[in-house]
Amino acid sequence: QVQLVESGGGLVQVGGSLRISCAASGNTFNQYSVGWFRQAPGKEREFVAAINGDGGATWHVHFVEGRFVISRDNAKSEVYLQMDNLNPEDTAVYYCAANPRGALAGTPDRYTYWGQGTQVTVSS
């Protein structure tokens, strides 16, 4: 069982940066891949980025490549999403999710554990 808690969301201006975090409980966290998803009002939840258990492999969806970077610190049981050059289309609730099977995955059904989400709002 893993519990996930996101933090670090907030209001930022266009072109600004934000780093959101996902803190996990459980002593096998380094065996889980973790993904970041986001959901804007009236839209479906969409994949943003994922990282494998040891942090050696990552996957960023094309529309955030070069702007967002996923990373993790297993000693702290945390995963991060560094977001730079933000634009209003990035406004959404951001969720982290853990996949105990360890593979990188880009669809919500591949993830077993979810956090409650953190709001990111980009103002123009």
Side-chain angles (χ1 to χ4, degrees):
Q1 189 81 8
V2 173
Q3 291 185 327
L4 305 173
V5 179
E6 301 94 335
S7 62
L11 176 65
V12 63
Q13 292 188 334
V14 169
S17 298
L18 206 59
R19 189 178 83 154
I20 56 178
S21 301
C22 173
S25 64
N27 57 9
T28 59
F29 181 64
N30 61 356
Q31 299 176 17
Y32 291 54
S33 65
V34 174
W36 282 102
F37 290 78
R38 69 186 187 186
Q39 188 165 19
K43 295 187 177 181
E44 293 194 354
R45 192 167 297 190
E46 63 180 1
F47 171 72
V48 176
I51 189 166
N52 72 339
D54 66 7
T58 61
W59 177 16
H60 299 80
V61 72
H62 65 90
F63 53 76
V64 304
E65 270 192 344
R67 300 191 300 124
F68 293 9
V69 177
I70 189 171
S71 62
R72 68 191 295 162
D73 184 340
N74 284 338
K76 296 181 178 179
S77 294
E78 293 185 347
V79 174
Y80 312 102
L81 187 67
Q82 176 68 42
M83 303 183 292
D84 298 323
N85 194 22
L86 285 159
N87 59 61
E89 290 70 38
D90 296 316
T91 295
V93 177
Y94 283 71
Y95 300 89
C96 67
N99 173 11
R101 287 169 292 280
L104 297 181
T107 56
D109 63 323
R110 297 286 299 277
Y111 292 85
T112 302
Y113 305 106
W114 290 83
Q116 83 290 346
T118 186
Q119 176 71 48
V120 172
T121 303
V122 184
S123 65
S124 56

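Note that the structure is predicted; figures quoted are calculated from it, not measured.
- Between the side chains of T121 and Q119, at least one donor N or O sits under 3.5 Å from an acceptor N or O.
- E46 pairs by the salt bridge (charged side-chain N to carboxylate O under 4.0 Å, His left out) definition with R38, not counting sequence neighbours.
- For the 3.5 Å distance criterion, the side chains of Y80 and Q82 fail to qualify, holding no donor opposite an acceptor.
- Between R72 atom CZ and E78 atom CD the span is 11.5 Å, to the nearest 0.5 Å.
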Could you pull out every donor-acceptor pair under 3.5 Å between side chains of residues 7-24 and any protein atom, sequence neighbours left out?
residue, atom, partner, partner atom, Å
S17, OG, D84, OD1, 2.7

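- Using modelled atom types, no side-chain atom of N99 and backbone atom of L104 make a donor-acceptor pair closer than 3.5 Å.
- Counting only residues at least two apart or on different chains, no side chain to side chain donor-acceptor pair (under 3.5 Å) pair has a member in residues 57-66.
- The CD atom of Q1 sits 8.0 Å away from atom OG of S25, with the distance rounded to the nearest 0.5 Å.
- Cluster membership check: V93 shares its hydrophobic cluster with V120, using side-chain heavy-atom separations under 4.5 Å among Ile, Leu, Val, Met, Phe, Trp and Tyr.
- A donor-acceptor pair under 3.5 Å links the side-chain atoms of S33 to the main chain of A103, judged by distance alone.
- A donor-acceptor contact under 3.5 angstrom links the side chains of D54 and N52, judged on distance only.
- Remark: R67 engages D90 in a side-chain hydrogen bond (donor to acceptor under 3.5 Å, both in side chains) (not counting sequence neighbours).
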Go through the steps to decide whether W114 and L4 satisfy the test side chain to side chain contact (heavy atoms under 4.5 Å, CB included), and finish with yes or no. CA-CA 6 Å; W114 290 83; L4 305 173; 5.6 Å; no

Show me the donor-acceptor pairs within less than 3.5 Å that the side chains of residues 105-113 make with the rest of the protein, sequence neighbours left out.
residue, atom, partner, partner atom, Å
T107, OG1, D109, OD1, 2.6
Y111, OH, A105, O, 2.6

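- Applying the side-chain hydrogen bond (donor to acceptor under 3.5 Å, both in side chains) rule to S71 yields no partners; only residues at least two apart in sequence or on another chain are considered.
- V34 and V69 are members of different hydrophobic clusters when ILVMFWY side chains are connected at heavy-atom separations under 4.5 Å.
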Using the rule given for side chain to side chain contact (heavy atoms under 4.5 Å, CB included), can you reason through V48 versus L81, listing the C-alpha separation, both sets of side-chain angles and the distance that settles it, and then say yes or no? CA-CA 9 Å; V48 176; L81 187 67; 4.1 Å; yes

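- The only member of Y95, F63, F37, Y94 that meets ring-ring contact (aromatic ring centres under 6.0 Å, His included) when paired with F47 is F37.
- Of all the heavy atoms in A98 and P100, the pair that sits closest is O-CD, 3.7 Å.
- Taken to the nearest 0.5 Å, the CD atom of Q3 stands 12.5 Å off from the OG atom of S77.
- In this structure, CG on L86 lies 13.0 Å from OG on S124, to the nearest 0.5 angstrom.
- In this structure a side-chain-to-backbone donor-acceptor pair under 3.5 Å is missing from N30 to G53.
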